[in-house]
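Computed from a predicted structure; not experimentally measured. Here is how names work: the chains are called A, B, and so on, in the same order as the sequence lines, proteins then strands, and each is numbered from 1.
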Amino acid sequence: AQSVTQLDSQVPVFEEAPVELRCNYSSSVSVYLFWYVQYPNQGLQLLLKYLSGSTLVKGINGFEAEFNKSQTSFHLRKPSVHISDTAEYFCAVSETGFQKLVFGTGTRLLVSP
Amino acid sequence: DAGVIQSPRHEVTEMGQEVTLRCKPISGHNSLFWYRQTMMRGLELLIYFNNNVPIDDSGMPEDRFSAKMPNASFSTLKIQPSEPRDSAVYFCASRPQGSVTEAFFGQGTRLTVV
């Protein structure tokens with residue numbers, strides 16, 4: 001069964017600094033990977049997804065993620081964060097051919113001026 | 001499309017009472033998921049349905065929890081009897097056919113059991 005680990009529960013960063021949110025997954029088969037964002041008191045919305053092809057995936061709001069199969073990682077990055085990026089970020093995995101979608105425990109990104 | 005619709009948005013109930021959460025998935029989506037979000041455990045998958053059939057309910061915490069999907073446009077998650085530790089935000093999500101697509105989430109139901 002697939003699983004996702006987000007090691008950092010909280011990441012504080014100053015505005016305009018770069019940030020990386022880490023995600024590692026475990027699966028015995030090939031997977032599809034997703035990053036979602038949750039703003040306060042809202043549902044989750046998709047930031048980006050990796051299905052196949054280029055390992056560097058670009059998403060909304062200037063975020064990007066890189067799939068590394070050998071390290072079973074899918075880290076999320078942004079070169080310069082804004083106050084408005086303060087939110088909770090979730091990594092998720094789905095095994096190819098299966099509908100089940102499993103999430104990590106989330107990383108809270110706190111951007112301060 | 002209006003997206004995934006959950007009701008109610010907020011529910012406050014007393015311990016021991018029955019609670020029913022409702023979800024209307026996006027039309028045409030054939031998979032439906034129920035998740036529970038708490039500070040301690042993050043976002044946990046409780047159960048998911050494919051074509052109205054429960055596929056994996058291994059995340060359902062206890063027999064007090066039950067979920068149904070009588071048709072493609074409606075699902076319920078029931079807790080009977082409710083306990084204070086059930087307090088959480090419950091999300092419903094739906095997904096079209098095929099694992100290449102993402103899931104679309106509702107706004108959630110914030111449940112408080114006092």
* Asked: With chain A, which of B:A103, B:G108, B:G106, B:G42 has the greatest number of heavy-atom pairs at distances under 4.5 Å?
  ->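 Of the candidates given, the most pairs with chain A belong to B:A103.
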Side chain / backbone / both / neither for [X] at chain A, heavy atoms under 4.5 Å:
X	result
B:Q6	neither
B:R110	side chain
B:L45	side chain

Any chain of hydrophobic side-chain contacts (each under 4.5 Å) joining [X] to [Y]?
X	Y	result
A:L48	A:V102	yes
A:L46	B:F105	yes
A:V111	A:F14	no
B:L21	B:F74	no

For [X] and [Y], which heavy atoms make the closest approach, and how far apart are they?
X	Y	value
B:L43	A:F90	CB-CE2, 4.0 Å
B:R95	A:L101	NH1-CB, 4.1 Å
A:Q38	B:F91	NE2-CZ, 3.2 Å

* To do: Kindly state whether the ring of A:Y36 and the ring of B:Y35 have centres lying under 6.0 angstrom apart.
  =>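 Between A:Y36 and B:Y35, the centre distance exceeds or equals 6.0 Å.
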For [X], look at atom [atom1] and say whether over 12 heavy atoms of other residues, nucleotides or ligands are found less than 6.0 Å away.
X	atom1	answer
A:Y39	OH	yes
A:Q10	CD	yes
B:R41	CZ	no
B:N71	CG	yes

* Decide yes or no for A:W35 and B:E102: does some side-chain heavy atom of the first lie under 4.5 Å from some side-chain heavy atom of the second? =>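 A side-chain contact is absent here, since even the closest heavy-atom pair is not under 4.5 Å.
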* To do: Decide yes or no for B:Y48 and A:K100: does some side-chain heavy atom of the first lie under 4.5 Å from some side-chain heavy atom of the second?
  =>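 Yes. Closest side-chain heavy atoms under 4.5 Å.
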* Once you round to the nearest 0.5 Å, how far does NE2 of B:H10 lie from CG of A:N41? ->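 CG of A:N41 is found 7.5 Å from NE2 of B:H10.
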